[in-house]
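Keep in mind that what you see is a predicted model, and the values were worked out from it rather than measured.
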Amino acid sequence: MGHFNYARHFAMLGAATVVLFLLGHWDLLSDSLLASFALNGALHASSLSLALLSPQSIIRKLAFIASALALSVFTMYVGIIGLVLFAVVPGNERLYLVLGLCSLSGAITYGSLIRLFWIKKLSPRRILGLAFLCLLATSLAFFVRAYSEAFGGWWLTAVWWFAFSGGLWFFDTHPDALRHSKYNGA
């Protein structure tokens with residue numbers, strides 16, 4: 001048994017993905033990266049807060065959502081700094097590096113926030129597992145997006161969301177994952 005109602009969480013993520021798709025389709029957030037990143041962080045954190053199994057105060061939930069929003073904006077600035085730091089790397093390779101940096105930093109900081117607020121037993125090893133899962137998923141999503149006009153910015157966000165939440169579901173509902181026997185089962 002996990003800490004969240006994951007069926008509700010994934011349903012809300014699906015609805016949030018539709019919202020992102022429509023906002024991208026109507027070009028409502030195309031001029032503001034700050035608002036876009038803030039909205040992305042707030043939507044995922046809201047879906048997680050509303051899926052909690054144990055009752056929590058509204059203040060605690062709002063603090064979590066506000067913190068996730070701030071971390072999402074922080075991730076945008078990590079990407080901007082990464083573009084400058086990796087300026088010597090050619091175009092597409094630089095985009096993959098910066099996307100990976102953003103994916104990793106976002107997953108590590110957000111996983112740490114979840115550990116701080118909701119799941120005290122979410123170990124650093126599991127947070128790193130989540131981060132590498134997000135890195136792999138967003139890299140593949142960026143590769144797919146490069147070859148298809150149908151996918152916009154919403155695609156990368158949705159893939160990251162579902163990768164992070166899928167990993168969180170696994171680690172939350174399988175408490176013995178990533179634990180090794182001291183003697184390797186001997």
S.K.: Would you indicate whether the side-chain heavy atoms of His3 and Trp118 approach each other to under 4.5 Å?
M.R.: no
S.K.: Answer yes or no: is there a donor N or O on one side and an acceptor on the other, between the side chain of Ser103 and the main chain of Cys134, under 3.5 Å?
M.R.: yes
S.K.: Side chains of Pro124 and Arg115: does their closest heavy-atom pair fall under 4.5 Å?
M.R.: yes
S.K.: Can you name the residues that form a side-chain contact (heavy atoms from CB on, under 4.5 Å) with Leu101, not counting sequence neighbours?
M.R.: Val78, Phe86
S.K.: Just say parallel, tilted or perpendicular for the rings of Phe10 and Phe162, cut-offs at 30° and 60°.
M.R.: parallel
S.K.: Tracing side-chain links under 4.5 Å among I, L, V, M, F, W and Y, which residues wind up in one group with Leu62?
M.R.: Ile58, Ile59
S.K.: Is a donor from one side chain sitting under 3.5 angstrom from an acceptor on the other, for Ser165 and His44?
M.R.: yes
S.K.: For the residue pair Tyr110 and Trp160, categorise the inter-ring angle as parallel (less than 30°), tilted (30 to 60°) or perpendicular (more than 60°).
M.R.: tilted
S.K.: Should Leu104 and Phe132 count as side-chain neighbours, where that means a heavy-atom distance under 4.5 Å?
M.R.: yes
S.K.: Evaluate the side-chain contact (heavy atoms from CB on, under 4.5 Å) criterion for residues Phe170 and Arg126: first the C-alpha distance (whole Å), next the side-chain angles of each, then the deciding distance (0.1 Å), finally the verdict.
M.R.: CA-CA 10 Å; Phe170 179 78; Arg126 292 177 186 185; over 6 Å; no
S.K.: Surrounding OH of Tyr96 (heavy atoms of other residues, nucleotides or ligands, distance under 6.0 Å), is the total greater than 12?
M.R.: yes
S.K.: Output yes when a side-chain donor or acceptor of Asp172 lies under 3.5 Å from a complementary backbone atom of Gly2, and no otherwise.
M.R.: no
S.K.: When hydrophobic residues are tied together by side-chain contacts of less than 4.5 Å, even through go-betweens, does Leu22 share a cluster with Phe151?
M.R.: yes
S.K.: Is the side chain of Lys61 donor-acceptor paired with the backbone N or O of Ser57 at a distance under 3.5 Å, no angle test?
M.R.: no
S.K.: Please find the pair of heavy atoms, one from Ser47 and one from Met12, that lie closest to each other, and give the distance.
M.R.: O-CE, 3.2 Å
S.K.: Spell out, as yes or no, whether a donor-acceptor pair under 3.5 Å connects the side chain of Ser148 to the backbone of Val144.
M.R.: no
S.K.: Is the shortest heavy-atom distance from the side chain of Ile114 to the side chain of Ile127 under 4.5 Å?
M.R.: no
S.K.: Counting N and O atoms only, with roles assigned by atom type, does the side chain of Ser67 sit under 3.5 Å from a partner on the main chain of Ala63, one being a donor and the other an acceptor?
M.R.: yes
S.K.: For residues Leu69 and Leu20: do they belong to one hydrophobic cluster (side chain heavy atoms under 4.5 Å, members Ile, Leu, Val, Met, Phe, Trp, Tyr)?
M.R.: no
S.K.: With ILVMFWY side chains joined below 4.5 Å, transitively, what does Leu140's cluster contain besides itself?
M.R.: Leu136
S.K.: Keeping Ser36 on the side-chain end and Ser32 on the backbone end, is there a donor-acceptor pair under 3.5 Å?
M.R.: no
